[in-house]
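To find a chain, count down the sequence lines: A is the first, B the second, and so on, and within it residues start at 1.
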2 protein chains.
Amino acid sequence: MIRVLLADDQALVRGALAAMLGLEADIEVVAQVGSGDEVVEAARRVRPDVALLDVQMPGKDGLTAAADLKVALPGCRVIVCTTFGRPGYLSRAMAAGALGFVVKDAPPEQLVDAVRRVHAGLRVVDPVLAAESLASGASPLTDREREVLLRARDGGTVSDLAKALHLSDGTVRNHLSSAIGKTGSRTRAEAVRLAEEHGWL
Amino acid sequence: MIRVLLADDQALVRGALAAMLGLEADIEVVAQVGSGDEVVEAARRVRPDVALLDVQMPGKDGLTAAADLKVALPGCRVIVCTTFGRPGYLSRAMAAGALGFVVKDAPPEQLVDAVRRVHAGLRVVDPVLAAESLASGASPLTDREREVLLRARDGGTVSDLAKALHLSDGTVRNHLSSAIGKTGSRTRAEAVRLAEEHGWL
DNA sequence: ACCTGACCATGACAGGTGTCACGGCCGGCA
DNA sequence: TGCCGGCCGTGACACCTGTCATGGTCAGGT
């Protein structure tokens, strides 16, 4: 029996995934959590063979949860499961020590297949997404630029960002300008959108 | 047996939901589709008792699909199921003739319960969300303002919007200004965000 | 007929924004 | 040691934006 831990913030899909995986004869869902913070704790308790982690979760991110889990229980294989096939997510998941990466658009059989393969120690990655990830490459943004874009996401003025980050207005404008240039866009909103789509946030 | 049609763009959660509902003795999933355009067609073929529609779908919106379905098969009860509990979604779903409204954060039992209740002809709505919907009220935006905000979402300049909508630059600025005023924000990006959160888009 | 409100447009203006040039501070690296 | 690149700041400039006043058309309601 493959013992699986499930982490997803949406209770409905979490329960549904559990039901689906439970139908398989060789798979058993031994724990379910709804936030990234509970992952390590629950894993320590139930000792799962495979952890299936969503990226978008309240509290700790699914990707950082994967990294933490890799430290706490090195023997536990990790699959990262996400709604969005952002190239950056894949590379970050791999860097965090995940063995599998599944998009929620994928057919259901692919997930149970991924669980089995990852349990056997194999890597499971969508080839299309892997190609995109290589093409898109790593984030060209520096830490500051990322931070500025992150704050700019909810649509404040430059002064707002400057106050929030304890910087000068001009500096914020410079970082924004640089980020706009690197993303190949013409406005800050467009830069935010593109950076988000690439998973550079 | 309650015959259910499932519509969700994410194949994984669609399959998982089907597996979960299939576990119930009195529920049978008779069709699954991945876009809003296929809903009516599939429903005509399988004649389901209940249709479970996601809001976010490629092609036709889940809400408009609900309205179309209500016309094509008036006897078919509709549950709208969504990731985001936007107040505007609820009111639009109700206007479209949906009997149930379930958020994906809800516990799994609530969904199967909703299916049974809706099949019996009862309304199923999250009371918290209903309160929010009433508090937030209907969209204060006019059609044009909504359209302009929609285009402004991906971050182009005023001229871009004007060209896309075949309007004058000044007119676009006026609509944006008005939308900014109505949403109580100070920038167009903030207005877009707020309008989106309220489901006014 | 009158008024209201949505829609479109123009023009003008203050303030915000994106860009550039310049300079200084630091840590890493040959 | 010098060089480089990221980071922070200033100042200036052209341009874009958000706001306002004004005026016109057109549908709907009194």
Side-chain angles (χ1 to χ4, degrees), chain A residues 88 91-92 95 136-201, chain B residues 88 91-92 95 136-201:
Chain A
S91 47
R92 278 202 279 165
S136 162
S139 170
L141 302 175
T142 128
D143 284 352
R144 272 305 191 191
E145 286 158 2
R146 197 180 57 84
E147 199 173 359
V148 172
L149 278 188
L150 211 55
R151 298 275 183 165
R153 204 170 29 164
D154 42 6
T157 75
V158 170
S159 305
D160 296 341
L161 305 184
K163 274 197 281 284
L165 296 170
H166 303 290
L167 290 178
S168 155
D169 284 25
T171 304
V172 170
R173 284 214 298 273
N174 284 339
H175 285 307
L176 277 176
S177 182
S178 161
I180 289 171
K182 286 179 182 176
T183 53
S185 48
R186 272 159 35 251
T187 64
R188 106 182 48 174
E190 209 174 342
V192 167
R193 192 174 55 82
L194 288 175
E196 219 164 12
E197 283 175 6
H198 285 72
W200 292 341
L201 231 147
Chain B
S91 49
R92 277 203 279 165
S136 161
S139 170
L141 302 175
T142 83
D143 285 352
R144 271 305 191 194
E145 287 157 0
R146 197 180 57 83
E147 199 173 357
V148 172
L149 278 188
L150 211 55
R151 297 273 183 169
R153 203 171 30 164
D154 42 8
T157 75
V158 171
S159 305
D160 296 340
L161 306 183
K163 274 196 282 283
L165 297 170
H166 304 289
L167 289 178
S168 154
D169 285 24
T171 304
V172 171
R173 284 213 299 272
N174 284 339
H175 284 305
L176 278 175
S177 181
S178 162
I180 289 172
K182 286 179 180 176
T183 54
S185 48
R186 272 158 37 248
T187 65
R188 120 188 29 182
E190 210 174 341
V192 167
R193 193 173 54 84
L194 288 175
E196 219 165 12
E197 283 175 6
H198 284 75
W200 291 342
L201 210 154

Examine D:dG6: is either OP1 or OP2 under 4.0 Å from a nitrogen or oxygen in the side chain of A:R144? Give yes or no. no
Does A:S168 place a side-chain N or O at less than 4.0 Å from the phosphate oxygens OP1/OP2 of D:dT10? yes
Given atom [atom1] of [X] and atom [atom2] of [N], what is their separation to the nearest angstrom?
X: B:K182; N: D:dG18; atom1: NZ; atom2: C1'; value: 16 Å
X: B:R173; N: D:dT22; atom1: CZ; atom2: P; value: 18 Å
X: A:D169; N: D:dA12; atom1: CG; atom2: P; value: 15 Å
X: A:R186; N: D:dT17; atom1: CZ; atom2: P; value: 9 Å
X: A:H166; N: D:dG9; atom1: NE2; atom2: P; value: 11 Å
X: B:E190; N: D:dG18; atom1: CD; atom2: C1'; value: 13 Å
X: A:L176; N: D:dC7; atom1: CG; atom2: C1'; value: 15 Å
X: B:L161; N: D:dG18; atom1: CG; atom2: C1'; value: 14 Å

Span of DNA chain C in contact with chain A (heavy atoms, under 4.0 Å): C:dT17 to C:dC20
Does any part of the side chain of [Y], heavy atoms only, come nearer than 4.5 Å to the side chain of [X], both counted from C-beta?
X: B:K182; Y: B:T142; value: yes
X: A:R144; Y: A:T171; value: no
X: B:R153; Y: B:L149; value: no

Please tell me which of A:S177 and B:N174 maps to the more 5' nucleotide of DNA chain C, matching each residue to the nucleotide holding its nearest heavy atom. B:N174
Base, sugar-phosphate, or nothing: which does A:T171 touch, judged by heavy atoms less than 4.0 Å apart? base
For a quick test of reading the model, state the closest non-hydrogen atom pair linking B:A195 to B:L141 and the distance between them. CB-CD1, 4.3 Å
For residues B:L161 and B:R188, report the shortest heavy-atom separation together with the two atoms involved. CD1-NH1, 4.5 Å
Between B:R193 and B:E196, does any NZ, NE, NH1 or NH2 come within less than 4.0 Å of an OD or OE carboxylate oxygen? no
Can you list every salt bridge (Lys or Arg N to Asp or Glu O under 4.0 Å) pair that touches residues 158-171 of chain B, not counting sequence neighbours? A:R186-B:D160
